[in-house]
Number of protein chains: 2
Amino acid sequence: MWLHVDPRSAVPVYQQVVEGVKAAVARGVLKPGDKLPSVRELAMELTINHNTVAKAYQELERLHVIEVIRGRGTFIAAEPVPADRDHRMRELKHAMVRWIVEAHHMQMDEEALLELFRTVLQEWRNGREHE
Amino acid sequence: MWLHVDPRSAVPVYQQVVEGVKAAVARGVLKPGDKLPSVRELAMELTINHNTVAKAYQELERLHVIEVIRGRGTFIAAEPVPADRDHRMRELKHAMVRWIVEAHHMQMDEEALLELFRTVLQEWRNGREHE
DNA sequence: CATGTGTACTAGTTATCATAGTACACACAG
DNA sequence: CTGTGTGTACTATGATAACTAGTACACATG
């Protein structure tokens with residue numbers, strides 16, 4: 001299965017589902033048109049409530065990652081339209097600043113941080129090839 | 001003031017204080033030995049409860065960012081010893097992966113993402129010089 | 001009609017965050 | 001010693017979010 005959930009994590013379960021699906025799409029595990037499990041199926045598989053899955057699906061639909069068709073099921077959306085691009089860009093920059101601050105408190109050089117990012121990016125690329 | 005707090009934000013107020021202090025230290029606005037406002041002073045200034053400030057201070061002490069001396073006050077710690085380096089490194093990497101995925105859903109090229117990070121790093125360096 | 005979809009609703013539990021008020025232990029200047 | 005300023009501890013209360021459980025409804029399809 002391309003989805004794992006940790007009920008003891010601090011991050012909400014529905015959000016873990018959202019991120020899991022987004023990651024699977026980004027990796028190419030899920031492609032446009034692919035059918036997702038029904039809310040009840042996925043809930044059974046992850047041993048969580050079907051309402052929690054439904055909440056995740058609604059969030060994913062809001063993000064234009066999936067398309068929901070009542071009575072038929074949910075599918076990966078054709079084109080991931082970036083709706084609120086500016087807003088997400090600001091958040092991305094903000095996150096990067098947090099990395100810099102965090103790295104500083106880990107006594108990590110800024111150059112080392114940049115190198116780390118390159119490494120993570122490379123590892124992600126490799127992991128993508130293996131699927 | 002080097003600290004701002006948004007009570008309507010989704011991120012907890014005490015955590016905003018924690019991040020604010022860490023950022024100020026990283027920028028050099030606060031230096032080792034500097035005295036922080038008392039919990040009641042800062043609470044008054046930010047119009048929040050003094051218990052909330054106390055919670056933030058306790059978290060900062062746990063992170064070895066500040067030193068607390070009962071009856072005297074709180075001070076920026078001498079050397080920011082990275083205690084749980086491995087754990088924080090894993091979290092940092094995890095955060096980077098999340099944003100790689102996010103960038104993909106924004107239809108942003110990986111090279112563009114790397115370039116953006118270089119830009120943010122440069123901007124942060126400039127902002128630091130001005131203080 | 002029967003089945004499988006997503007959706008909507010109520011109810012209840014648990015946990016976190018924040019406030020408010022009070023009290024205590026310690027350091028230090030007077 | 002006393003008064004004041006520290007951080008800390010405690011109880012109580014309210015607000016909100018996340019999750020579970022159960023039930024019911026509307027729609028698509030065979």
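Throughout, a chain's letter reflects where its sequence line sits, starting with A, and its residues are numbered from 1.
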Under-3.5 Å N/O pairs linking protein and nucleotides 10-14 of chain D:
none

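Among the atoms of the strands shown, none is found under 4.0 Å from any heavy atom of A/I69. Among the atoms of the strands shown, none is found under 4.0 Å from any heavy atom of B/Q16.
Among all heavy-atom pairs drawn from A/A26 and B/V101, the shortest one is CB-CG1, 4.0 Å. When all heavy atoms of B/W2 and B/A24 are compared, the pair lying nearest together is CE3-CB, 4.2 Å.
Considering only residues two or more places apart in sequence or on other chains, B/E115 meets the salt bridge (Lys or Arg N to Asp or Glu O under 4.0 Å) condition with B/R118. Residues forming a ring-ring contact (aromatic ring centres under 6.0 Å, His included) with A/F117 (at least two apart in sequence, or on another chain): A/W99, B/F117.
In the hydrophobic clustering of ILVMFWY residues, with side-chain heavy atoms under 4.5 Å counting as a link, B/V29 and B/V18 come out together. When hydrophobic clusters are built by joining Ile, Leu, Val, Met, Phe, Trp and Tyr residues whose side-chain heavy atoms come closer than 4.5 Å, directly or via intermediates, A/V21 is not grouped with A/V11.
Rounded to whole Å, the distance from CD1 on B/I66 to C1' on D/dT6 is 13 Å. For A/I48 and D/dA21, the CD1 to P distance is 11 Å, given to the nearest whole Å. Rounded to whole Å, the distance from NZ on A/K35 to P on D/dA28 is 15 Å. Whole-Å rounding puts the B/M44 CE to D/dT6 P distance at 11 Å. Between the CZ atom of A/R70 and the P atom of D/dC27 there is a distance of 6 Å, rounded to whole Å.
Contact of the A/F75 side chain with the A/V68 side chain is not registered, since no non-hydrogen atoms from C-beta on lie closer than 4.5 Å. For the pair B/V120 and A/V97, the minimum side-chain heavy-atom distance is below 4.5 Å.
Running 5' to 3' along DNA chain C, contacts with non-hydrogen atoms of chain B at under 4.0 Å begin and end at C/dC17 to C/dC28.
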Going by atom type alone, with no hydrogens or angles, which donor-acceptor pairs under 3.5 Å involve a side-chain atom of residues 42-52 of chain B and a protein atom two or more places apart or on another chain?
unit_1 : atom_1 : unit_2 : atom_2 : d
B/N49  : OD1    : B/N51  : N      : 2.8
B/N49  : OD1    : B/N51  : ND2    : 3.1

Apply side chain to side chain contact (heavy atoms under 4.5 Å, CB included) to the pair A/E19 and B/R98, showing each step before the final yes or no. CA-CA 8 Å; A/E19 291 182 8; B/R98 275 204 308 272; 3.3 Å; yes

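A salt bridge links A/R62 with A/E59: the closest approach of a Lys/Arg side-chain nitrogen to an acidic carboxylate oxygen falls below 4.0 angstrom.
With DNA chain D read from its 5' end, the first of the two nearest nucleotides for A/R72 and A/N49 is the one closest to A/N49.
An OP1 or OP2 oxygen of D/dG5 is reached within less than 4.0 angstrom by no side-chain nitrogen or oxygen of B/S38.
DNA chain C lies under 4.0 Å from at least one heavy atom of each of the following residues of residues 8-15 of chain B: B/P12, B/V13, B/Y14.
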